[in-house]
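These values consider heavy atoms only, across backbone and side chains, with no hydrogens, waters or symmetry-generated copies. Quick caveat: nothing in here was measured; it's all calculated off a predicted structure.
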Amino acid sequence: MNIRDIARIAGVSTSTVSKIVNGKDSSISEETRKKVLTIVKEYHYKPYASAAKRTRSYTIGVLLRSPISFDSTLDGIIQAAQNAGYATDAYNSYSDPERELKNIAAICGRNVDGVIWEPATPDSLAYASQFPEGTPLLTIGPNGGDQSLLLPYKEAAYKLTNELIERGHQHIACLMTRGRRTQDFFEGFRSCLFDHQLPYSDDLVYYDLNDSLPSEIGSRDITGFVSSHYRRALEFTQMIRPLHYRLPEDASLVSIKNDTTEALAYPGNAEISTYTIRNSDFGAYLCEKLIAQIEHDKEQHPSFVQDFHLDNTSTVAAPPTSAVKHVLVVGSINIDHYLSMPRLPHIGGTVSTKSAARYPGGKGVNQAIGAAKLGHHVTLIGNVGVDNGSDYIFKAMEQHGVNTAGVRRCAGEDTGSSFIFLDPNGESIIAILSGANASLTPDDITSNERLFDNAGYCLIQTEIPLESAKVAAITARRHHAKTIIKPSSCDYLPDSIVANADILVPNEHELAIIETEGKTMEDKAAHLLERGAGCVIVTQGEYGCYLRGQNVECHYPAADFTPVDSTGAGDAFISAFASYLMYGYTVRQAVEIATYAAGYSITRKGVIPSLIDRLSLDAYVHHSERQQHGHLS
């Protein structure tokens, strides 16, 4: 920056500038003097600086264009410079060309030995003439011209995208934040899709996290996301979490992050699967390369290379449509209110109680949590209200890992409630207030049809409208999921539901209601098979259960447990039965295991607390198998 440049910017003559900087400005107005002095300071002009003899200053200049709060590139430059005996003089233009020109003038006034420069705009390279002739200069970033040195953002984006493709994803979107890495990251993402002949459109690139993203996840139009910035990935996880989408069950997410100590996740979220960009190493590489030029070191310096590998695989998996089969539950969602009393109420009588408790409940919730505790991925479809009870349900489902993507809050409704009167012998009377359960429509089922994808078993209970239960059974069949139907709280069971039941599980009282043909339990079960049911299991409480199929008929004794609360034993039976069928056990084996799970469930109050976990049930299974082998030997 010379005197003519200062005069041009100030709009005055060179002689006026000379008089002001040399203190001979008595004839010049105060306004002009202040204006010129301001520009002189901003551009760090020094009289006769261009003629001064240059000497080694052992200082490196750094000119950056964007904020570096979370970028350790500068830290790497400083460390490498200090190790080599150099100081650093750093400036940031914040992508402002005018500020950049002032920063260049300041750097030149410092008599630095060389400069690492990240040009602010594509036109910034015209400022290169401002540097003293012969100044060693390294340009970096997307605006640095053909010789610019770049962090491997393009390669990282390509390989991140490939991580998803290798796991079977074909519908991949890109979450972007505008900045220094944007163009390179975009090119890497798009190139990978092209090389694998996967579809690309501009609609797959999201600069804003808008409301369309969740619907894309729900419809399976997008199953995987790559993110150019770690903070954008964190924002994405926060956006989908209240909507009850889970990573990687519903979608996979991979991102790059800087080598900083920033938190890897918000509280309650899993760490994101990432590549770490070694900005600090890149900064050290730049500094060492520049010092080699300054000191005329002729030794060859290879290009900056980084190997990439995922720091973890917490949020990346196969697409939902090809993942391990899950259990889908369609049914009632209630708050269970337990009232323990010395005897059950009867007509005309009054019974007092001093013991009450509240649990999440409803057959849908019970069976969902039961299968989840036995190790399966579980998704629940049902309705809740907009009351405090709905929050209680969502928290319980999250605690047990149940996917609630199919649970809808219904305006103007309360969450269903059940009132359970329990005597000291474990016997109970139950009254149910349907609430939002009654508003579960066939449209609620069809709008969640994506959740039937890859379901191994669909558990349905008729505490919801029968038409909705029928649509759920038909939809499950269409998606090749086996159906297990519990005919509860209904006055009849239409043939359209019976015919779509692979396994029908009534208790003796329910059997008498849904099947009027035949006098005995065996006759009624046989007639249900004639109506189209694939298999019938009648649960008989303390007497065990009865299995009737096309080629099998068998009675199973109950497991020997002292009853405390029999509520929910049927749900414990069904969730265990389905779970062990999913694990590959035969129907007969699964019935024996489920009988034990049902017996275990009556040993304490409340359905959810009494549902057995997989470790405990597996221990029973292994013990039973050892006994059988010992008996056979």
Residues [X] and [Y] bridged, charged N to O under 4.0 Å:
| X | Y | result |
| --- | --- | --- |
| Arg167 | Glu163 | yes |
| Asp523 | Lys519 | no |
| Glu463 | Lys486 | no |
| Asp444 | Arg408 | yes |
| Lys395 | Glu398 | no |

Going by atom types only, do [X] and [Y] share a side-chain donor-acceptor pair under 3.5 Å?
| X | Y | answer |
| --- | --- | --- |
| Glu449 | His479 | yes |
| Ser616 | Asp613 | yes |
| Asn403 | His326 | no |
| Ser332 | Asn437 | no |
| Thr223 | His169 | yes |
| Ser417 | Asn334 | no |
| Asp443 | Thr441 | no |
| Glu553 | Tyr546 | yes |

Spacing of [atom1] belonging to [X] relative to [atom2] belonging to [Y], to within rounding of 0.5 Å:
| X | Y | atom1 | atom2 | value |
| --- | --- | --- | --- | --- |
| Leu380 | His400 | CG | NE2 | 13.0 Å |
| Ile612 | Ser575 | CD1 | OG | 10.0 Å |
| Thr237 | Ile272 | OG1 | CD1 | 5.0 Å |
| Gln461 | Leu459 | CD | CG | 7.0 Å |
| Lys524 | Arg548 | NZ | CZ | 14.0 Å |

(request) Test Ile514 against every option in Thr462, Asp491, Leu493 by the side chain to side chain contact (heavy atoms under 4.5 Å, CB included) rule and name the one that passes. (result)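 Testing each of Thr462, Asp491, Leu493 against Ile514, the sole residue satisfying side chain to side chain contact (heavy atoms under 4.5 Å, CB included) is Leu493.
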Exceeds 12 heavy-atom contacts within 6.0 angstrom, atom [atom1] of [X]:
| X | atom1 | result |
| --- | --- | --- |
| Gln170 | CD | no |
| Asn388 | CG | no |
| His555 | NE2 | yes |
| His622 | NE2 | yes |
| Gln197 | CD | no |

[X] versus [Y]: any side-chain heavy-atom pair under 4.5 Å?
| X | Y | answer |
| --- | --- | --- |
| Ile165 | Leu198 | yes |
| Tyr600 | Ser610 | no |
| Val536 | Leu529 | yes |
| Ile608 | Asp336 | no |
| Ser390 | Tyr392 | no |

(message) Quick check with a 6.0 Å cut-off and a 45 degree axis cone: is Arg343 positioned over the face of Phe421's six-membered ring?
(response)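 No.
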(message) Given the ring of Phe236, does Arg241 sit roughly above its face, with NZ or CZ under 6.0 Å from the centre of the six-membered ring and within 45° of the axis?
(response)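 Here Arg241 fails the 6.0 Å and 45° test against Phe236.
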(message) For the aromatic rings, using the six-membered ring if either is Trp, is the centroid distance between Tyr596 and Phe561 under 6.0 Å?
(response)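 Aromatic pair counts; centres sit under 6.0 Å.
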(request) Would you please indicate yes or no on a ring centroid separation below 6.0 angstrom for Tyr583 and His376? (result)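 They qualify: ring centres under 6.0 Å apart.
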(message) When you measure from the side chain of Lys482 to the backbone of Tyr457, do you find a donor-acceptor pair of N or O atoms at a distance under 3.5 Å?
(response)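 Here the side-chain-to-backbone pair does not exist.
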(message) Under a 3.5 Å distance rule, please check whether Lys470 uses its side chain to pair with a backbone N or O of Ser496 as donor and acceptor.
(response)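 A pair under 3.5 Å: no.
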(request) Using the side-chain hydrogen bond (donor to acceptor under 3.5 Å, both in side chains) rule, take Ser273 and Thr315 through it: C-alpha gap first, then chi angles, then the decisive distance, then the call. (result) CA-CA 5 Å; Ser273 302; Thr315 58; 3.2 Å; yes
(request) Identify the residue among Asn383, Asp387, Thr415, Asp391 that makes a side-chain hydrogen bond (donor to acceptor under 3.5 Å, both in side chains) with Arg409. (result)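 Of all the options given, the one that passes is Asp391.
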(request) Please report the closest heavy-atom contact between Gly385 and Ala436, naming both atoms and the distance. (result)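 Distance-wise, the nearest heavy atoms are N-CB, 3.8 Å.
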(message) Give me the atom names and distance for the closest heavy-atom approach of Ala501 to Thr483.
(response)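 Minimum heavy-atom contact is CA-OG1, 3.4 Å.
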(request) Evaluate side-chain hydrogen bond (donor to acceptor under 3.5 Å, both in side chains) for Glu592 paired with Thr595, printing each intermediate quantity in order. (result) CA-CA 5 Å; Glu592 290 181 356; Thr595 299; over 6 Å; no
